[in-house]
Amino acid sequence: MSLEIDLEQRDRILIVRLKGELDHHTSDELKKQLESAIEEADIQHIILSLKNLQFMDSSGIGVILGRYKKISQKQGEMVVCSINPTIKRLFELSGLFKILKLKESEEDALHMLGVA
């Protein structure tokens with residue numbers, strides 16, 4: 001299975017919807033698309049909507065951490081929402097929720113960032 005990447009911009013917020021598998025085969029493409037969007041649109045915050053992400057490995061964690069560092073340098077936040085239980089468990093085990101916020105839905109994440 002591959003990875004479908006849907007990017008939507010609202011103000012300086014990038015909503016990233018992922019469907020499929022985020023692994024060493026697909027992580028480079030996600031990294032390129034996120035880097036491009038962050039630079040071209042002067043993105044400050046990222047919302048990761050992961051309800052349709054079925055699988056993620058350590059390379060996916062690396063892409064998320066790299067973008068988190070870039071967003072943090074802009075005094076921005078990265079918010080995860082609509083996460084399925086399998087991926088949520090991976091985030092918990094890897095300690096990602098120590099730095100990323102978790103919300104139930106995209107609307108909750110947008111509201112938290114002041115754009116609802």
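Just so you know, these numbers use all the heavy atoms, side chains as well, and skip hydrogens, waters and symmetry mates.
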**Prompt:** Are L96 and F55 connected in the hydrophobic side-chain network, where two residues link if heavy atoms are under 4.5 Å apart?
**Reply:**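 Different clusters: L96 never reaches F55 through Ile, Leu, Val, Met, Phe, Trp or Tyr contacts under 4.5 Å.
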Inter-residue atom distance [X].[atom1] - [Y].[atom2], 0.5 Å rounding:
X    : Y    : atom1 : atom2 : answer
C81  : L100 : SG    : CG    : 12.0 Å
E104 : I83  : CD    : CD1   : 10.5 Å
K101 : D108 : NZ    : CG    : 14.5 Å
S72  : I99  : OG    : CD1   : 7.0 Å
S58  : L65  : OG    : CG    : 10.5 Å
T26  : L30  : OG1   : CG    : 7.5 Å

**Message:** Checking the side chain of D23 only, and the main-chain atoms of H25 only, is there a donor and an acceptor separated by less than 3.5 Å?
**Reply:** yes
**Message:** Would the distance check show the side chain of N84 and the main-chain N or O of L53 forming a donor-acceptor pair, the cut-off being under 3.5 Å?
**Reply:**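 Yes; judged by distance alone, with no hydrogens or angles, the pair exists.
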Search all heavy atoms of [X] against all heavy atoms of [Y] and return the closest pair with its distance.
X    : Y   : result
L90  : M56 : CD2-O, 3.2 Å
M112 : V79 : CE-CG2, 3.5 Å
I38  : K70 : CG2-CD, 4.0 Å

**Salt-bridge contact R17-D6 (side-chain N to carboxylate O under 4.0 Å)** = yes
**Item:** Salt bridge K31-E29, side-chain N to carboxylate O under 4.0 Å
**Value:**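 Salt bridge: no.
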How about [X] and [Y]: do any of their side-chain heavy atoms sit closer than 4.5 Å?
X   : Y   : result
L22 : D57 : no
L7  : L34 : yes
I13 : Q9  : no
R10 : I15 : yes

**Item:** Set of residues satisfying ring pair (Phe, Tyr, Trp, His ring centres under 6.0 Å) with respect to F91, sequence neighbours excluded
**Value:** F97
Could you give the side-chain donor-acceptor pairs of residues 39-52 under 3.5 Å, partners two or more places apart or in another chain?
residue: E40; atom: OE2; partner: S36; partner atom: OG; Å: 2.8
residue: D42; atom: OD1; partner: R12; partner atom: NH2; Å: 3.4
residue: D42; atom: OD1; partner: K74; partner atom: NZ; Å: 3.4
residue: D42; atom: OD2; partner: R12; partner atom: NH2; Å: 3.2
residue: Q44; atom: OE1; partner: R12; partner atom: NH1; Å: 3.3
residue: Q44; atom: NE2; partner: K74; partner atom: O; Å: 3.2
residue: Q44; atom: NE2; partner: Q75; partner atom: O; Å: 3.4
residue: H45; atom: ND1; partner: E77; partner atom: N; Å: 2.9
residue: S49; atom: OG; partner: E106; partner atom: OE2; Å: 3.2

**Message:** What verdict does the side-chain contact (heavy atoms from CB on, under 4.5 Å) test give for I5 and Q33, after you've listed the backbone C-alpha separation in whole Å, the side-chain angles of each residue and the deciding distance to 0.1 Å?
**Reply:** CA-CA 9 Å; I5 304 167; Q33 288 192 31; 3.5 Å; yes
